[in-house]
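Structure first, then comments.
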Amino acid sequence: MSFSESQDIEGATTAIQSQPDNKTRRYDRQLRLWAASGQTALEQARVLLISASALSTSTLKNLVLPGVGHFTILDSALTTPADIGNNFFLDPDASLGRHRADEAVRLLLELNEGVEGVADTSDIESVLAQGPSYFSAFTLVIAVNLPQSIIERLSPLLWDIPTGPPLIVVRSAGFLAEFFIQFHDHDVIESHSETAPSLRVDKPFPELLNHALQLDLKNMDPTDHGHIPYVVILVRALEDWKREHGAPPSTYAEKRAFKESVMKMQRHQDEENFEEAAANAYRAYTSSTIPSSVQALFDTLPPPDTPLDGQRHFSILLSALRAFTSEPPHVLPLSATLPDMKSDTENYVALQNIYRRRADEERAVFRQLVRDAGGADIPAEVVDLFCKNAHAIAGLKGARWGDLDTDREKLVSRLQTAPREMATHIALSALSAWLSLNPITQTHANGNANASAQNAASLAPPLPTAEALLAIVQGVVGIDVELGKEVHDAVGEAYVSPHSAWRSTHHLHDSARAPTADLPNVAAFMGGLIAQEAIKMITKQYVPVNGHCVIDLVDTWTGIIA
Amino acid sequence: MATPDVARVNGSSHRTDWHDRYYHVDQVLDRPGPRTDPSFMAGAGVKEFLRTQCKILVIGAGGLGCEILANLALSGFKDIHVIDMDTIDISNLNRQFLFRPKDVGKPKALVAAEYIMKRVPGVTVTPYFGKIQDKDDDYYMQFNLVICGLDSVEARRWINATLVNLVDPENPESLKPLIDGGTEGFKGQARVILPTVTSCYECSLDMLNKPTAFPICTIANTPRLPEHCIEWASVLEWPRVQGEKKMDTDDPEHIQWLYNIASARAKEFKIEGVTWQLTQGVVKNIIPAIASTNAIIAASCCNEAFKIATSSAAYLNNYFMLIGTDGVYSYTFEHEKRDDCPVCGGESLEVSVPRSWTVERLIEMLVEKQDIQIKKPSLSSGAKHIYFQAPKQLEEATRPNLEKPLVDLVPDGGDITVTASSLPFSLSLRVTYV
Ligand SMILES: [Zn+2]
């Protein structure tokens with residue numbers, strides 16, 4: 001937790017706060033992750049969940065608890081005994097035979113009186129027939145285990161709404177599951193990256209350099225000497241080194257010698273600040289440059305001087321940042337946040353002020369560049385936030401759901417680069433396709449609580465076989481692709497035990513084992529993952545998944561197909 | 001009103017298992033998967049064990065505990081016990097979904113147990129409102145499995161050591177799988193510990209995040225961060241001004257007092273950023289917590305419990321780590337057992353220390369060192385008492401040793417036994433001097 005640099009000392013310390021209100025206390029543990037701004041975004045969000053299955057209500061529970069503004073459950077099914085058996089948000093004494101959307105909404109709303117929830121028991125077909133207007137009222141749409149044929153209509157419909165809601169498509173079967181987030185662009189200013197911004201030890205700005213050079217190290221009072229912050233020590237040591245050697249240390253031997261030169265500046269063993277400087281010596285010979293992730297974002301921009309009118313704010317800010325970095329010393333705006341270091345109050349606060357003054361100046365330059373780039377209407381706090389987080393911004397370019405499955409070349413290549421992930425994905429896709437043709441409607445379980453076990457068995461539908469699913473896979477990737485061998489080769493001995501057949505067949509067997517099983521633990525696991533992603537999408541803080549995320553809870557792993 | 005088949009009959013679990021109750025779960029219990037161990041007895045046998053015989057203990061009814069209880073109940077565990085010593089606080093309500101505002105102040109274990117039994121018929125949840133340390137070996141012996149959803153390192157070390165000590169090689173029933181979960185913000189981990197067989201909690205102590213500790217001289221003389229001012233208020237000013245009065249970090253008036261003192265100090269030193277929220281966070285060592293991460297980790301723990309109880313799939317070997325801050329990143333790996341683990345290893349831990357070290361300096365190291373972290377250790381070497389924290393007379397008798405060089409009391413290559421009242425095991429050190 002760090003201080004806000006814009007806070008004015010008088011204001012911060014004279015305005016004494018008292019215990020926060022009940023709402024702040026209730027949300028305290030999450031406000032420490034996404035702050036008031038994230039909470040506001042969450043409270044303004046409207047989320048649509050299609051289906052009221054166990055996995056869906058598990059997801060919603062994790063959005064209702066932190067205080068999502070509104071949710072709608074769209075589901076026309078009536079509650080079955082099987083539903084009550086695996087869904088915590090259905091009531092064994094009351095829900096049977098009623099609309100499960102109504103029941104789930106009622107029970108979910110008990111978790112948080114600040115949340116609005118609506119059940120829509122319309123048929124999904126009739127909603128799709130209404131066109132985009134129904135969906136554009138939502139911030140986010142989550143579709144859980146919908147038939148392939150429905151997803152194939154829903155995803156293009158949402159994709160074609162220019163500012164339409166992102167769509168999270170979730171599939172699960174037994175111990176296996178996956179999800180995919182469909183979106184056009186997703187920008188993150190507050191990624192909460194753990195990578196700290198550069199302190200510019202290697203490229204000190206004038207005031208920092210002067211401060212370091214003015215120190216009279218020889219005649220300094222011993223107490224002061226033991227309290228010089230390591231940043232200052234390093235700037236000074238590097239300057240001395242450059243004077244002697246002409247260039248910063250570059251070879252391994254030079255770096256070692258530099259580190260030793262820092263240690264030689266230490267007067268006594270108990271001067272911990274010099275030890276800290278030696279431990280941070282890499283900062284002096286690691287060049288402060290533009291992080292590759294930020295550079296990659298610059299590469300997505302049109303050439304400089306292209307008018308950006310009407311562009312998204314993020315593009316304008318990015319363009320201003322590129323303009324900032326095009327000037328020497330080709331670095332990102334300075335961060336005012338100084339990490340803690342061995343020092344005394346006076347020296348540390350003095351250094352902090354040096355950084356703060358410079359950061360203020362560079363922020364002013366950045367603000368001007370934003371205006372020059374056509375961003376005069378971007379709120380000042382957004383500009384400043386962007387400037388402060390410049391080293392860790394993220395801009396994701398999303399894809400349409402289903403694109404992977406029609407890109408045969410990519411499928412085949414990913415089968416080699418991410419074999420177990422891909423195997424899980426194609427197994428679930430094949431199952432989904434099979435179920436579209438052979439729907440298992442649970443009619444044997446539906447509503448008829450008194451049906452005997454024998455009756456139920458006789459009504460049980462045929463289950464997909466491995467052969468049937470394999471045939472579907474082969475149809476997708478091409479009959480000419482020898483799946484088994486490639487997968488087997490890529491995965492290698494380390495993963496596949498010698499006596500077992502190739503991996504993909506395994507997953508298909510697993511799918512076939514539990515084609516419609518919404519296991520409580522898998523539902524809860526997925527409910528947690530999907531809610532994390534939903535919160536990241538809604539708050540625009542932290543970085544969501546871009547690609548297919550697959551989950552195998554037999555061997556307990558998750559993976560991404562990018 | 002339609003009600004699932006005889007669900008309202010309160011009797012044996014069979015009578016509440018209405019037709020299709022386990023439609024979903026039974027799909028993985030009726031058929032093996034390709035990776036399922038051949039010993040898996042698909043069908044009635046495994047269901048019978050899970051639903052009528054298996055007894056499981058859940059430690060903690062908080063963020064993870066609420067989720068764990070619900071998942072276990074829906075998975076078909078019918079005999080669940082839960083221990084928790086806490087009462088419900090308003091800040092629990094953003095994730096502990098079995099609690100409502102009206103429950104604030106009530107014991108977590110009791111409210112959670114009642115809620116689960118109301119929602120999932122036929123499940124018995126037996127709560128205990130108290131400490132895990134209140135229970136003896138016989139109590140822990142009755143369970144087939146133990147799941148831990150705790151936020152305390154001390155409590156985890158205690159249950160881990162207790163379950164390792166419980167193992168009797170002659171009695172296979174004495175080996176109780178321990179499944180442990182933990183979260184922080186968007187991150188978490190779940191692991192399966194087979195006491196004495198796999199790496200235990202103590203084996204991995206060095207993986208914990210190092211707690212931020214500020215040197216007392218920084219707090220007293222050279223504060224630089226708002227946290228330093230808050231520590232000054234709580235560590236130095238509270239005892240100085242309030243005397244014997246115990247600080248209660250749950251009391252808003254106490255937090256207000258600390259906040260006021262810390263703010264004044266920050267103003268004096270021109271340090272920015274002391275807020276009420278930060279004050280509370282520092283003095284209570286608050287770890288951010290959200291429902292979604294707890295759901296993932298609790299589900300992972302329960303999935304392992306389900307797999308162990310049914311053999312329907314191989315269980316985790318032995319560590320699953322998840323980071324959700326940047327996409328979804330996870331890592332599943334086998335954490336290795338440590339031969340010098342004080343709980344399950346059997347071998348002494350080798351330490352080499354400078355000849356100049358006093359006993360006090362060694363104690364400082366035992367408190368701080370990442371893979372040891374023993375608060376208030378007592379030391380002996382053979383029959384010789386080096387330093388004892390208690391009883392009072394022994395403490396007084398051994399106190400003069402604190403300032404003596406260690407080398408005067410323990411020869412090179414000598415052994416030291418370290419104990420602490422909070423830990424049900426002893427650590428043996430082999431000391432060499434450099
Ligand atoms: Zn161990």
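So that the names make sense, note that chain A is the first sequence line, chain B the second, and so on, each numbered from 1. Please read these numbers as outputs of a predicted model, since none were measured by experiment.
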Checking heavy atoms, do the side chain of [X], its backbone, both or neither come under 4.5 Å from chain B?
| X | result |
| --- | --- |
| A/P544 | backbone |
| A/L63 | neither |
| A/I560 | side chain |
| A/M341 | backbone |

Can we say [X] and [Y] salt-bridge, meaning some charged N sits less than 4.0 Å from an Asp/Glu carboxylate O?
| X | Y | value |
| --- | --- | --- |
| A/E194 | B/K187 | yes |
| A/E533 | A/K536 | yes |
| B/D26 | B/R51 | yes |
| B/R100 | A/E113 | no |

Under a 4.5 Å heavy-atom cut-off, does chain A meet the side chain of [X], its backbone, both or neither?
| X | result |
| --- | --- |
| B/E253 | neither |
| B/F306 | side chain |
| B/I286 | side chain |
| B/R95 | both |
| B/I287 | backbone |

Find the one option among [options] whose heavy-atom pairs under 4.5 Å with chain B are most numerous.
| options | result |
| --- | --- |
| A/L33, A/T59, A/L31 | A/L33 |
| A/G528, A/A531, A/G527 | A/G528 |
| A/S18, A/C549, A/P66 | A/S18 |
| A/A523, A/G547, A/S343, A/S193 | A/S343 |
| A/V545, A/L111, A/D340, A/V349 | A/D340 |

Any idea which heavy atoms bring [X] and [Y] closest together, and the distance?
| X | Y | answer |
| --- | --- | --- |
| A/P339 | A/Y348 | O-OH, 3.2 Å |
| B/A291 | B/N94 | CB-O, 3.9 Å |
| B/S292 | A/N62 | CA-CG, 3.9 Å |

**Asked** Looking at A/H192, A/Q541, A/Q39, which hits side-chain hydrogen bond (donor to acceptor under 3.5 Å, both in side chains) with A/W34?
**Response** A/Q39

Quick one: which of [options] has the most heavy-atom pairs under 4.5 Å with chain A, could you say?
| options | value |
| --- | --- |
| B/F186, B/Y22, B/Y315, B/Y329 | B/F186 |
| B/N294, B/V328, B/N221, B/T332 | B/V328 |
| B/I290, B/N260, B/L93, B/T325 | B/T325 |
| B/N71, B/N303, B/V25 | B/N303 |
| B/G281, B/A190, B/A264 | B/G281 |

**Asked** Between B/R224 and B/F214, is NZ or CZ placed under 6.0 angstrom from the six-membered ring centre and within 45° of the ring axis?
**Response**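 The answer is no; the distance or angle limit is not met.
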
**Prompt:** Does NZ or CZ of B/R191 lie under 6.0 Å from the centre of the six-membered ring of B/F320, at an angle within 45° of the ring axis?
**Reply:** no

**Prompt:** Hey, does the side chain of A/H227 reach the backbone of A/T223 with a donor-acceptor pair shorter than 3.5 angstrom?
**Reply:**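 Yes.
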
**Message:** Below 30° counts as parallel, above 60° as perpendicular, anything between as tilted: where do the rings of A/F88 and B/F97 land?
**Reply:**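 Perpendicular, since the angle between the ring planes exceeds 60°.
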
